[in-house]
Amino acid sequence: MKITNATFQISVSDLSGLPEESLPEIVFAGRSNVGKSTLLNSLAGLKGLAKTSGTPGKTRLINYFLVNQAFYFVDLPGYGYAAVGQAEKAAWGYLLSSYIERRRSISLVVLLFDSRHPATQSDREMLAFLEFHEKPYCIVLTKDDKLNQKERNQCRRIMESCAAKAKFIVNYSSFSGKGKSELLAHFDHYIC
Ligand SMILES: Nc1nc2c(ncn2[C@@H]2O[C@H](COP(=O)(O)OP(=O)(O)O)[C@@H](O)[C@H]2O)c(=O)[nH]1
Ligand SMILES: [Mg+2]
């Protein structure tokens, strides 16, 4: 797949604001600061499409991007950010889980894990949630440029054992572009 066009469509803060389920959705989820917005920009080849930030915990909305006039990339709120109150955490958690549970137009959930600390407690909870609801998901291991080969192999081994139902696992660096063509090629199978 080649992305020829990507535009921001809508941000929603509750499920009632979601667009009609008329187009397939590739959904991006991961801990806050994992590199989700940077990955979206890297895939689309547009620096400012999704807002990136050095400060974790900023995205509290579900953001929709229309790609090639044919499907949506959906940027979910980052989870696992410690420095927010319990009530706020519960509200995001509810938005996130009810969206994934109920949305029928989801073709694939792309779960981003930081290569340097794969499978933290909140990541494992997310994995268990996706598997319980039998959602098709894949793993993207972000910030690959920060690893040496030994760490890369180790990270891969951990992932293969804890994400047994992943459709595929891709090592990615938004800085070098590593993994981009591989990931886009996989997406072809989920957008018909
Ligand atoms: N080294 C490296 N840093 C990255 C990469 N992708 C994102 N980052 C950095 O990680 C931080 C969080 O990125 P962001 O995309 O805003 O994370 P989000 O909270 O998951 O959307 C920023 O400082 C990015 O520059 C990558 O591939 N390599
Ligand atoms: Mg973000």
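In what follows, every heavy atom counts, from backbone to side chain, and hydrogens, waters and symmetry copies are set aside. Order of appearance sets the numbers: ligands from 1, and atoms from 1 within every ligand. Residue indices begin at 1 and follow the sequence shown.
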I'd like to know whether ligand 1 has Ser173 as a neighbour, heavy-atom separation below 4.0 Å. yes
Side chain, backbone, both or neither: which part of Asp145 has a heavy atom under 4.0 Å from ligand 1? side chain
Report the residues that fulfil side-chain hydrogen bond (donor to acceptor under 3.5 Å, both in side chains) with Ser42, sequence neighbours left out, ordered by chain and then residue number. Tyr172
Checking heavy-atom distances from atom 7 (C) of ligand 1 to each of Thr142, Leu40, Thr38, the winner is Thr38
Does the side chain of Ser37 reach to within under 4.5 Å of the side chain of Asp75, using non-hydrogen atoms? yes
Enumerated ligand 1 atoms positioned under 4.0 Å from heavy atoms of Gly35: 7 (C), 13 (O), 14 (P), 15 (O), 17 (O), 18 (P), 20 (O)
For Lys36, atoms of ligand 1 separated by under 4.0 Å from a heavy atom: 15 (O), 17 (O), 18 (P), 20 (O), 21 (O)
Do the side chains of Tyr137 and Phe28 join up, straight or via other hydrophobic residues, at under 4.5 Å, putting them in one cluster? no
Geometric N/O contact Asn33 with ligand 1, under 3.5 angstrom: yes
Measure the shortest side-chain to side-chain distance between Ser107 and Phe71 over non-hydrogen atoms and say whether it is less than 4.5 angstrom. no
Any N or O on Lys143 sitting closer than 3.5 Å to an N or O of ligand 1? yes
Between the side chains of Asp114 and Thr142, is a donor N or O closer than 3.5 angstrom to an acceptor N or O? no
Whether Ser32 has an N, O or S atom under 2.8 Å from the Mg ion (ligand 2): no
Counterpart residues, salt bridge (charged side-chain N to carboxylate O under 4.0 Å, His left out), relative to Lys178 (two or more places apart): Asp144
